[in-house]
Amino acid sequence: MTSLRPSPCFAPPMSSEQRKAFPFSEFEPKWQDVWEARKAFRTPNPGDADFDASKPKYFVLDMFPYPSGAGLHVGHPEGYTATDIIGRFKKMSGFNVLHPMGWDAFGLPAEQYAIKTGQHPRATTEKNIEGFRGQLKRLGFAYDWDREVNTTDPGYFKWTQWIFLKLYNSYVGEDGKAHPIAELEGKGLSREEIDSRRLAYVSSAPVNWCPELGTVLANEEVVDGKSEVGGFPVERRPMRQWMLRITAYAQRLIDELDGLDWPESIKLHQRNWIGRSEGAEVKFKVAGSEETITVFTTRPDTLFGATYMVLAPEHRLVDVLVSEEQITAVEEYREKAGRKSDMERTELAKDKSGVFTGAYAINPVNGEQIPIWIADYVLMGYGTGAIMAVPAHDERDFEFAQKFELPVKQVVQPPEGKDWQGFTDHGIAVNSGFLDGLSTPEAKKKIAAWLEEKGLGKGTVNFKLRDWLFSRQRYWGEPFPIVWEDGNHRSIPASELPLLPPTLEDFKPTGTPEPPLSKATDWVRYSATATRELNTMPQWAGSCWYYLRYCDAQNSERFVGEAAEKYWMGGGKPGGVDLYVGGTEHAVLHLLYARFWHKVLFDLGYVTTPEPFQRLVNQGLILGEDGQKMSKSRGNVVNPDDVVKEYGADSLRLYEMFMGPLEQVKPWSMKGVEGVYRFLARVWRLVMEVSEEGVWSVSAALQDVPANKQVTKALHEAIKKCGEDIEKLSFNTAISQMMICTKAFIAEEVMPASAVVTFLKVLSPFAPHIADDLNARIASKFPDLAVQGLLSDATWPKYDPAALIEDEVEIVFQVNGKLRDKARVPIQSTKEELEKLALASARVREFMEGKTPKKIIVVPGKLVNIVV
RNA sequence: GCCGCUGUGGUGAAAUGGUAAACACAGCAGACUUAAAAUCUGCUGGGAGGUAACUCCCUUGCCGGUUCGAGUCCGGCCAGCGGCACCA
């Protein structure tokens, strides 16, 4: 490369140093080193010598990154800069600020990358973390690095395993809260009974198996029948897996969203995912049999319209019910349905299929016999796995009835002008005996009471949410602290934690559901008669509680110290973390799982709040310059390192905040980066001037003089607006105001040094390097005017309301709401004076056309509107 | 199909119901310079009239409503983006 450069003799090239409008590449690393050496952002904990208990706390959290080999992308610094500005601002405003960072480092991509490159995942993970940490430090984030956590560190996952044991050794009682399983042991329950109530339990139900990834996946990780990671086909197959009983918390996970300051869209997303629906269970007798089938319906009011019944193909009663003639057809159908992957089931969703079992059920409400079918549009995992079909008032049942020519019977009268066939909304009950004439809600109530009275059913609630499939057949995850003996599982003692994964040369998936840990034959053997659980935990495990570890990251005695947890997570609100910023992609995964774990820990008395995150803000995606999602294949990816190299970390930070509202999706613009870069250069030149030789020194214009009225006003406006906007996370408008303030300074011949220092304090949360550097330079010339030490330790300036008030304001005169004239008037002008002034205006008179005013509205300081 | 979000200049955007387009980008013109870069200054939604200073009209996706006054509040529609989708 070097040889290709033009010779300096003919065309002296601008070196990159000379081209820079201010020497950020010198002072940015310098201040990063100073902050690190002084531990400028170390946050003392309760109990530490330098802890000040009189200060309020502020816990500001980022979604910690997965340290991939690709390094940071520009989306990371977006949220991270936002929280950094808030954290720095709160610190300057007198808060104890907890603003930590860590690594979510277990998981599939690390393992796949390791397999591909023939390295151990621990080695690649270490390397990636190193890269990420360096990149974050080069952006000047004010993290307390003493609190850094790494989910793959045995000192960390020891406690992930410990929490798993808490789940394993707990059950949900009558009160809906988690209790130690020991309470059940005391009641003399059998082993099976106890195991069936644990929050972490073993199940052999069909699960999402992804052959390509060689592991099972949670429902949340399967999108359109494909794995969320990689997009590989996923099939259903029964396997013995660990499950977490998140369904026991379904209602609380819905209810307790109410007290959180989260975007409505995310709350709604979680509510929809949990999917509560109210209805009733109805028992149907099977004709000529002792069996009864219980169905779940949200429309018990349509019971009279049930013309057939459908069981899920996997329903346990199918074998019992099926008639001699139908056995072959039913067997065939069940076999076919079982083979269908989730993807096929989704694709064929609209094409109904099913088989008659040959059996009939008796409608309890009228004694009618209705045929029992099996069909895969009824899912075993929801409700009771059986439905009563009311084709007249349910779309799916209607479709099915059409295809198989089953009767359709109207039982709801729709409003005038609507066809009753396929009418699914509320109406008036008809052809329904004692329900006739009732509105849908009334009919629901009446039939529920009737069923309950006759012992034929009861009102009940169902959720779409399923229990969380918690085991994976992978190497790079937390091993379960569980051993098996004689077909039974039991936990290992907490004293044996952390349970390290075995050192394996070959950790590739086996290609079968047998986990790779099975290859560690020594490790597997726990005792002469017991073997270890071979599955590992999913990536979500570590991220379910990392925010708690930050509170007390070095604690080796407890997952988090009691005093630290109480202080940082406390504060009288449901959620402990004051502000959590991250992308929307975790709306139902991480954010639901973490809430669940937190509630269990809360019930068991290990944490003091029912919710982990009080205020949640989603940053919007940053698109490429072409307005498309950034991707390697499109070639529109912006690398933050390049931006830092060219324009500096402060410019990158400032630009990402200036682009637009944090929550919004917005495209990148390199020209926009140059804009804020020019702004920072202007700020630099408020203080610095350059000699002919290109040497920077403190400007002669900078003097110890008081600021004049205009500058003072601009400065105090900036203090006010920036303070308010930071609280609102409206960083773009805060930056605009600083730009306006800078213009006011530039207009002056003489720079008032102490006013400039105040401005630097306001700028410092946004662009901390240049602010600290300029302050230090001013301090060298005017020690009494500048901040001694770091701006982050300074106090956020107070604005003076008096400085904001102008002597004169511009008043707008309107006629019939249209702007016709303006006037500058003294600020203290009265309503009467303004009215008089407006009526005296020649232009106003012209547009009044000699008519008399009907009404005059006067808004002091703003306008006069004359209505004629 | 259902749910949610968003529609404002050439572009990113701003605006407690009170002067629409702050701030920035791009563009144009000028100053400095032998020249360029950098920097600084001015102009920059559309239309009409006027030599000009200037004046008027229109403009926040579309239609309607509330109000002295609507980008903002209410109702209906359209478009784009995102999510969910046989959950009885």
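The sequence lines fix the lettering, A, B, ..., with proteins before strands; numbering per chain opens at 1.
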For the pair made of CD in A/Gln814 and C1' in B/A70, what is the distance, rounded to whole Å? 12 Å
Rounded distance in Å between the P positions of B/U8 and B/C63: 16 Å
Which whole number of Å gives the distance between the C1' atom of B/G18 and that of B/A29? 36 Å
Could you check A/Trp668, A/Phe679, A/Tyr677 and say which one makes a ring-ring contact (aromatic ring centres under 6.0 Å, His included) with A/Tyr655? A/Trp668
Could you provide the dot-bracket string of RNA chain B, using ( ) for intrastrand pairs, [ ] for crossing pairs and | for bases paired to another strand, with Watson-Crick or G-U pairs below 3.5 Å? (((((((..(((.....[....))).(((((.......))))).(((((....)))))..(((((..]....))))))))))))....
Centre-to-centre under 6.0 Å for A/Phe404 and A/Trp373, is that the case here? yes
Check whether any side-chain heavy atom of A/Met388 sits under 4.5 Å from a side-chain heavy atom of A/Phe296, and report yes or no. no
Whole angstroms only, please: what is the CE-C1' distance between A/Met739 and B/C25? 10 Å
For atom C1', what is the distance between B/U60 and B/A79, given to the nearest Å? 16 Å
Any donor-acceptor N or O pair under 3.5 Å, side chains A/Ser277, A/Asn462: no
Would you indicate what A/Glu264 reaches in the nucleic acid, counting non-hydrogen atoms under 4.0 angstrom: base, sugar-phosphate, or nothing? nothing
Atom CD of A/Glu724 and atom P of B/U16 are separated, to the nearest Å, by 12 Å
Assuming nearest nucleotide by heavy-atom distance, tell me which of A/Val676 and A/Ile857 is located more 5' along RNA chain B. A/Val676
Once hydrogens and angles are ignored, does a donor-acceptor distance under 3.5 Å link the base of B/U19 to the side chain of A/Glu810? yes
On a plain distance test, is the side chain of A/Lys854 in donor-acceptor contact with the base of B/C68 below 3.5 Å? no
Have a look at A/Leu863 and say if it touches a base, only the backbone sugar-phosphate, or nothing, with a 4.0 Å heavy-atom cut-off. base
Using atom P of each nucleotide, how far apart are B/A14 and B/A22 to the nearest Å? 13 Å
Could you tell me whether A/Arg466 contacts a base, only the sugar-phosphate backbone, or nothing, with contacts defined as non-hydrogen atoms closer than 4.0 Å? base
Please classify the glycosidic conformation of B/G9 as syn (within 90° of 0) or anti (everything else). syn
When you compare B/U11 with B/C2, how far apart are their C1' atoms, in angstrom units rounded to a whole number? 35 Å
Base, sugar-phosphate, or nothing: which does A/Lys743 touch, judged by heavy atoms less than 4.0 Å apart? sugar-phosphate
Using a 4.5 Å cut-off on heavy atoms from C-beta on, say whether the side chain of A/Asp425 contacts that of A/Pro414. no
Look at all strands and tell whether A/Arg276 reaches a base, only sugar-phosphate, or nothing, counting heavy atoms closer than 4.0 Å. nothing
Separation of the C1' atoms in B/G42 and B/C62, to the nearest angstrom: 38 Å
Describe the nucleic acid contact of A/Asp397 in one word from base, sugar-phosphate, nothing, applying a heavy-atom distance below 4.0 Å. nothing
Check for me whether the distance between the ring centres of A/Tyr308 and A/Phe400 falls short of 6.0 Å. yes
Give one of base, sugar-phosphate or nothing for A/Lys671, where a contact means two heavy atoms less than 4.0 Å apart. sugar-phosphate
